[in-house]
Structures are given as C-alpha cells and as structure tokens.
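Below you'll find the structure, written out as structure tokens, and then a few comments.
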Amino acid sequence: MSIELHRVQGKYNYDRLADAVVCVDKKVNFYGIVAEYEQPKSTRGDDCLCTMTVVDMSYNTPGLRVLYFAPADQMPRVNTVGDIIRFHRIQMRSHADAPQAIGNPKYGASFVLLSGLEGDGYEPYQKSHSRYSVEAHDRDIVDLLRTWASSHPIDTFAGTNKYMKQIKDINVESYFDLCCKILYVNEQSAENSVIIYVWDGTDTSPACLNPVEQGESDDPGQDLWSAKELALPVDVMRSFPVLGTVLPLVPFDVAEDDSGPQIPLAGDWVKLRNIGCRIRKGLYEGIFLHKSKIGILSPSTQAVQNCERAYKERLTSETLRLPQWCPKPPQSMLVTGYDHVKVSTLREVLTHPQVTNKFRCMVRVMATWPTDVLDFCVPLPESTAGGKDQPEQGAFVYAVRFTLEDPTGRLHVFLYGQDAVDFFVGYPAVDLRQQGDTVGALKRKVDRLLGVSESGPSNPPWVNCCLMSYYLDKERPHDTRRFRIFGTRFPG
DNA sequence: TTGGGG
C-alpha cells in the first residue's frame with residue numbers, strides 16, 4: 001500500500017537528545033525517558049500545558065525540559081516516571097540559557113507513550129493521533145532505552161534539586177518543592193477547588209501567631225481550636241500515620257477535562273513543585289499557586305523510600321518520636337510521675353480506639369481559659385461543698401482549660417480539682433479575689449508555661465504532661481469524650 | 001497565544 005511504502009521510505013529520523021538540543025528553532029523527532037512529569041494545568045490561553053523532563057543516554061543531567069500545549073483531552077498522561085515518550089515535529093527552543101522543547105499539535109507535534117520496562121511490548125498506551133508508526137527502527141530504539149534505563153535508576157537524574165524541602169524545614173520566606181504523600185483529599189470545599197492534606201513524616205517548626213489575627217474573640221484558645229476547620233474529623237485522622245505534621249494545601253485548582261478532573265488520590269506520592277506556604281492561626285498551610293505543579297512520583301523512587309525509611313526509624317525510637325523541634329534531650333518545667341511511659345502524639349491521643357485511656361505527651365501550652373489567672377478558681381457548687389454549716393466560707397475549686405499543641409494536632413484539656421492543686425504545687429484552690437499573693441505566684445507560673453515575653457510574641461516551651469481521656473455520657477462515649485491533665489506537677 | 005524554576 002502506498003501509505004505503508006511512504007512510511008518506509010520516509011522513515012522518521014530520531015535525534016539523540018544531545019543532538020536535538022543544538023537544533024534551536026528547528027523541529028525534531030526524538031525518544032526520551034520521562035524523568036519528571038507534571039500534571040496538565042490550564043493556561044491563560046486556550047490550551048492546557050503539561051511539562052516534563054526527558055533523558056536518554058546522551059543527555060541525562062539535567063535532562064531536557066519539554067512543554068506540551070494542547071487541549072485537555074490531547075495531553076500526554078504519563079503513567080509513571082520511567083515511561084518512554086516519542087515526539088514528532090517538536091520545536092526546539094532556548095530559554096534562560098537552557099534548551100527546551102515545545103510541542104503543540106496545532107503545529108504538527110505528536111507523541112506516543114509506552115512502558116519503559118524491558119520485556120514489555122511496543123504497543124503505545126497512549127497516542128496523540130490514531131495513525132502512528134512503530135517499525136523495526138522504533139523497536140530498536142525502545143529496546144536500547146529500556147536496557148539502558150534498567151541499569152540507570154531514573155531518580156538519579158531528576159529526583160532531587162535545590163528547591164526540595166522537607167515539611168520540617170518549610171518557612172514562609174520562599175517557594176519550594178515537596179516530596180510527600182497525599183493522605184486525604186477534601187472535595188467538599190469550595191466549588192472546583194479541593195484541599196489536599198500531605199505528609200512526609202517530619203514535623204513543622206512551631207509557628208508564631210500572627211498578631212493581626214488575634215482579638216477575634218476574648219478566648220484565644222477557642223480561636224486556635226476553631227482553626228481546626230482545616231484540621232479533620234477524628235475518623236479521618238485515624239487512617240493517618242501517628243507521627244509527622246499533616247499539611248493542608250490550599251486552594252487546589254482542579255483541571256477539568258473530558259476524563260474528569262485530575263484530582264490526586266489519597267495514598268499517592270507526589271512532588272509538589274513551586275508551592276508556597278503561610279501561617280494561619282499558628283498553623284502552617286501549603287499554598288498551591290498558579291505556578292505550582294503536581295509531579296508524579298513512583299513509590300519506588302529514592303525520595304519516597306527515604307521518607308518511608310526515616311518514618312519507620314522515628315516510630316521505633318523513643319528519641320526520634322519526640323517533636324523534631326523539641327530540644328534534645330527534652331527539658332520540661334512540668335514533671336510527671338510517669339517519665340518511663342512512652343510519649344504519645346496528640347494525634348495518637350485523639351485517635352486512640354479506647355475512649356478512656358492515659359497518655360504522656362510532649363506539647364506546648366498555647367492558651368488558657370480563663371485567660372485571667374484571677375478566674376482560675378470557681379466556687380464549688382453547693383451540693384458538693386462542705387455543707388450548709390459554713391456557707392460564707394465557700395469552698396473553691398480550680399477549673400482551667402489548656403489548649404495544647406504538638407506537630408500533629410491541637411487539643412483542649414481540662415485541669416480540675418485535686419489534679420490542679422497537685423499541678424500548681426503549694427497553691428490550694430481559694431477565692432483568688434481575696435488572695436493577691438497566690439494570684440501573683442500563679443500568674444508567674446502561667447506566664448512561664450505560655451512563654452510570655454516582654455518583647456515579641458509568646459513562645460511556649462515544650463513540656464511533658466500526663467493526659468487522661470474520659471467521657472461525659474456513658475450512652476455516647478465517643479461523642480462526649482474529654483481530656484484532662486493528671487499526674488503532672490509544676491514545681492518552683 | 002498559552003508558559004518557562006518565576
């Protein structure tokens with residue numbers, strides 16, 4: 001047939017990448033192994049854009065960046081890093097002193113995608129056009145690339161870079177890349193926007209509250225608590241790893257196309273590229289910007305393996321389990337009688353399957369309620385007071401709520417009754433409005449606990465304390481679960 | 001055209 005004949009005669013000539021990159025302003029054909037691939041996203045123009053880095057044996061560091069513009073339903077959808085892509089009629093350009101290739105089907109570009117594994121067939125799993133050719137020449141190139149790739153792990157080419165950060169090192173000053181696992185995708189948020197929750201096994205550094213955000217209510221602890229709008233229901237948290245900060249990423253613009261929105265799946269490892277972050281109500285949030293991208297990562301890549309190995313190590317080590325920004329060895333102005341008990345994260349406390357349990361935690365006390373030490377003690381209800389013999393003497397009891405924080409969550413806990421008397425060491429519950437000396441002593445303790453400083457924002461120190469969980473209603477133990485401090489003293 | 005480690 002004439003068409004077949006034509007193909008054989010006009011067999012495509014494929015450039016090695018090292019040869020292609022010097023053909024600036026020319027259209028070339030080449031094969032490459034996909035070393036990085038970022039999901040398609042919309043542009044200000046009509047097309048979508050997806051980007052990738054391709055390598056071959058002639059050009060493997062840093063590889064060739066490829067930009068492909070096309071309608072959403074004509075985008076290359078790379079299954080996994082290491083797959084092979086073939087481009088026809090792709091335009092070579094130079095940008096910022098580096099070569100790049102621009103593909104656009106409107107100007108003749110086409111592609112096929114196939115597995116990069118030795119022994120797999122030669123049938124593309126995706127092709128931009130129904131007519132395409134795979135000839136003996138193509139099979140030879142594919143074989144060569146597959147053989148070479150089998151001894152050259154892809155992530156040694158394009159895995160890490162100077163922008164890569166771990167969650168423990170993020171700050172609001174700069175943009176960065178993150179290799180992380182998607183733990184949860186919340187699609188219930190605003191129209192066409194989802195919040196994804198990511199994790200890499202490390203802990204964010206303690207963040208200061210933005211002073212501008214304060215003063216929304218007279219209960220700072222409640223303000224911190226309500227920031228949990230980005231935090232998640234306990235049932236969702238139950239599926240999370242017990243250590244490491246879960247970082248919300250907002251807002252996440254979802255690219256729509258014929259095959260539905262490209263929403264990453266919980267459980268996927270991804271490389272977030274060029275994201276930012278901010279601090280809201282003292283919690284870090286990743287920000288997915290217009291210029292941010294989601295890159296695919298194979299679970300077998302080195303970066304992912306490193307995260308998982310480090311996490312397993314943290315799990316098994318009493319020291320590594322501690323918050324990563326807590327001084328080592330930990331120093332605590334609070335003393336417990338249970339220092340031999342394993343330290344639990346607040347996520348473990350919140351998700352523990354038994355409603356009633358005891359824990360030891362390493363936390364920071366972010367707020368108290370009441371805020372004024374003067375109100376820490378309240379009159380005992382008469383029914384439980386000493387009796388009607390001494391009504392004017394009126395027994396008092398401590399009733400305080402602390403807002404605790406660690407890298408995994410926040411928790412409201414109560415300090416009540418004898419536990420509070422033990423806690424404050426030497427200051428029994430009294431009518432504080434009649435006891436100025438006690439008020440002064442308590443205030444000094446609380447200020448130390450909250451890290452109040454003359455200059456600048458508070459910076460609460462890490463302290464260890466014992467928590468007990470209980471319920472208010474036997475019929476609904478999970479719904480009425482509460483926490484209180486016990487077995488913890490604040491001497492001095 | 002679009003966007004490009006900005």
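Values below: every heavy atom of this structure, side chains too, minus hydrogens, waters and symmetry copies. Note on naming: letters A, B, ... go to the chains in the order of the sequence lines (proteins, then strands), and numbering restarts at 1 for each one.
- If you measure from atom CG of A:Asp47 to atom P of B:dG3, you get 10 Å, rounded to the nearest angstrom.
- For A:Arg139, the side-chain contact (heavy atoms from CB on, under 4.5 Å) test picks out A:Tyr122, A:Val134, A:Ala136, with sequence neighbours left out.
- Stacking between A:Phe69 and B:dT1 is absent: the aromatic ring centre is not both under 5.5 angstrom from the base six-membered ring centre and within 30 degrees in plane angle.
- If you look at A:Tyr31 and A:Tyr14, their ring centroids are closer than 6.0 Å.
- With no hydrogens or angles considered, a side-chain donor-acceptor pair links A:Thr51 and A:Glu38 at under 3.5 Å.
- Between the CD1 atom of A:Ile102 and the C1' atom of B:dT2 there is a distance of 10 Å, given to the nearest Å.
- Contact between the side-chain N/O atoms of A:Arg44 and the OP1/OP2 oxygens of B:dT1 is not found at any separation under 4.0 Å.
- Summarising the geometry, the separation between CG on A:Leu64 and P on B:dG5 is reported as 12 Å, rounded to the nearest angstrom.
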Taking distance alone, no hydrogens or angles, what donor-acceptor pairs closer than 3.5 Å link side-chain atoms of residues 448-455 of chain A to residues at least two apart or in another chain?
residue  : atom : partner  : partner atom : Å
A:Ser453 : OG   : A:Ser455 : O            : 2.5
A:Ser453 : OG   : A:Gly456 : O            : 3.4

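- The NZ atom of A:Lys41 sits 15 Å away from the P atom of B:dT2 (whole-angstrom rounding).
- Nucleotide B:dT1 holds its P atom 14 Å from the CG atom of A:Leu67, rounded to whole Å.
- Taking atom CZ of residue A:Arg93 and atom C1' of nucleotide B:dT2, one finds them 11 Å apart after rounding to whole Å.
- Under 3.5 Å, the side chains of A:Lys165 and A:Ser174 contain a donor-acceptor pair of N or O atoms.
- Within the nucleic acid shown, A:Leu49 comes within 4.0 Å of sugar-phosphate atoms alone, with no base atom in reach, counting heavy atoms only.
- One atom, NZ of A:Lys293, and another, P of B:dG3, lie 10 Å apart when rounded to the nearest Å.
- When the nearest nucleotides of DNA chain B are assigned to A:Asn104 and A:Arg65 by heavy-atom distance, the more 5′-ward of the two goes with A:Asn104.
- Residue A:Arg273 places a side-chain atom within donor-acceptor reach of the base of B:dG5, judged by atom type and a 3.5 Å distance cut-off alone.
- Rounded to an integer number of Å, the gap from A:Asn161 CG to B:dG5 P is 11 Å.
- Taking 4.0 angstrom as the limit, A:Tyr107 places a side-chain polar atom (N or O) nearer than this to OP1 or OP2 of B:dT1.
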